[in-house]
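Structure, as structure tokens:
To find a chain, count down the sequence lines: A is the first, B the second, and so on, and within it residues start at 1.
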2 protein chains.
Amino acid sequence: MRQYLEWLFQEVNFVEVRFSTSTFYLMPRVKSFDEEEVLTKAMNLFWKQGYSATSIQDLVTHLGINRASLYDTYGDKEQLFKKSFELYRRKSIEGISHLLNSHSNVKDGFYELYNKAINEALLDNDRKGCFAVNNTTELVPNDNNCLEILTSNRNAFENLFFEYLKKGQKKGQIKKSKDLKSLASLLFTIYNGMLVVSKINRNKKELNDSVKLALSLIE
Amino acid sequence: MRQYLEWLFQEVNFVEVRFSTSTFYLMPRVKSFDEEEVLTKAMNLFWKQGYSATSIQDLVTHLGINRASLYDTYGDKEQLFKKSFELYRRKSIEGISHLLNSHSNVKDGFYELYNKAINEALLDNDRKGCFAVNNTTELVPNDNNCLEILTSNRNAFENLFFEYLKKGQKKGQIKKSKDLKSLASLLFTIYNGMLVVSKINRNKKELNDSVKLALSLIE
DNA sequence: CGAATAACAGAACGAACATTCCAAATAAAA
DNA sequence: TTTTATTTGGAATGTTCGTTCTGTTATTCG
């Protein structure tokens with residue numbers, strides 16, 4: 001009976017079981033930390049230091065939870081890292097999709113995109129750069145799973161850019177002769193370049209001038 | 001006398017000393033490995049795996065020299081890494097300077113530059129990317145000395161690009177109204193972006209189309 | 001209270017880490 | 001041969017790594 005209840009609890013994550021004769025309550029102690037909040041902290045640490053340079057001890061110190069809780073909740077280092085990166089990817093693609101689509105003019109949209117990237121880079125005293133770019137340079141090709149994730153990441157971005165450009169082209173904001181596939185690809189390349197260069201070049205005006213020049217590609 | 005000779009040997013690296021009365025020969029065993037050749041191997045390993053992920057044992061295995069010889073010749077891990085990166089930087093800037101200046105037409109020059117980068121990226125089964133870009137994302141800002149080196153690296157590139165563009169502008173290949181500082185900066189940003197993206201996108205045609213589109217900035 | 005279990009602190013594990021040291025082998029020229 | 005110094009294999013050192021385990025405390029509800 002006891003074993004059956006344990007199995008049942010694992011399977012359905014129930015809180016209360018009523019039988020015809022009596023009622024069993026199995027109410028364990030609730031989680032005292034927010035899983036996503038702690039995951040965000042892990043994300044920021046991996047983002048800043050990279051996968052290899054971040055030790056479990058670093059994580060234990062910065063996450064504020066116990067070593068055992070870390071392993072119980074997120075699995076080993078690699079799993080925690082992957083979960084961190086997934087969180088980043090989700091937030092990242094959501095934010096950029098929203099940003100672009102809140103500008104009906106394509107050039108405005110990309111201006112805001114690049115500008116936001118620059119502003120965030122310059123405001124970040126940790127100079128973390130972009131988590132996806134960092135992972136590309138650190139982990140490809142030594143980690144095949146990461147390569148897959150980054151490949152689908154690139155596809156997601158280029159498709160997003162492409163569809164956005166296409167909408168603009170239909171509205172007459174871009175010449176019909178433009179090859180939007182190549183343009184989307186180049187804009188993604190420039191985006192990546194900005195995220196690298198802004199770790200070195202902290203001059204806002206210079207970065208901004210580059211952006212303005214890059215936008216001349218869209219017309 | 002003995003001490004003086006040792007000092008003199010260190011200072012001038014001499015082989016033979018003749019005095020009025022007699023001749024002293026101090027000819028130790030010569031180095032059996034080529035310092036730069038081994039340093040090149042170290043460079044390739046750091047380049048592929050990054051600083052943190054490369055252990056001394058990895059280096060001992062791949063360099064083909066003894067652990068003690070490694071420390072005696074290059075110092076500790078950090079010094080060996082810095083020397084590796086210096087070698088890369090020197091070769092890199094020399095090669096690119098030569099490549100650009102062997103094309104009198106600016107657009108041709110940049111086309112060859114980007115094309116060479118893409119070809120080398122696609123031919124490299126290790127997908128090492130660019131050592132400088134990799135170091136930027138891995139080590140900035142956690143290593144201040146590396147930041148300095150990368151800052152001067154960026155200046156060297158942007159100046160090289162700028163001077164090359166200026167020469168072309170004088171020859172009438174670029175409109176007088178073009179802001180060459182921003183253009184040089186953007187071309188460097190695109191170069192960085194290409195070196196990141198080519199780790200993920202292995203489609204030569206797509207990369208090439210992006211390059212051609214990017215070159216439309218120069219006119 | 002008792003039962004259940006999350007979260008904890010911290011010890012323990014073996015492996016890998018960077019680095020140093022030592023004795024033996026090697027090479028060059030007197 | 002002897003002298004000098006490089007290079008070597010490999011042991012040794014002490015630290016840090018990722019991971020697991022043990023025992024304690026805290027919290028939930030009947």
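Rounded to whole Å, atom P of D:dT27 lies 15 Å from atom CZ of A:Phe33. The CG atom of B:Leu70 sits 10 Å away from the P atom of D:dT8 (whole-angstrom rounding). Atom CG of A:Leu63 and atom P of C:dC8 are 11 Å apart (whole Å).
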**Q.** Protein-to-nucleotide contact annotation, 5' to 3' order, nucleotides 17-22 of chain D [B base; S sugar-phosphate only; - none; under 4.0 Å, heavy atom]
**A.** SSBBB-
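Residues of residues 42-50 of chain A that place a heavy atom closer than 4.0 Å to DNA chain C do not occur.
Using modelled atom types and a 3.5 Å distance limit, the side chains of B:Thr189 and A:Ser210 yield no donor-acceptor pair.
Note on B:Lys82 versus B:Glu78: salt bridge recorded, some NZ/NE/NH1/NH2 to OD/OE distance being below 4.0 Å. Ion pairing of B:Glu94 with B:Lys91 is absent here, as no side-chain N (NZ or NE/NH1/NH2) approaches a carboxylate O to less than 4.0 Å.
Ring geometry, A:Phe188 versus A:Phe157: the interplanar angle falls from 30° to 60°, so the pair is classed tilted. Ring geometry, B:Tyr88 versus B:Trp47: the interplanar angle exceeds 60°, so the pair is classed perpendicular (tilted spans 30 to 60°).
Judged by distance alone, with hydrogens and angles left aside, the side-chain atoms of B:Asn66 form a donor-acceptor pair with the main-chain N or O of B:Ala68 at under 3.5 Å.
Every residue two or more places apart in sequence or in another chain was checked for a side-chain hydrogen bond (donor to acceptor under 3.5 Å, both in side chains) with A:Asn155, and none qualifies.
Not less than 6.0 angstrom separates the ring centroid of A:Phe46 from the ring centroid of A:Phe85.
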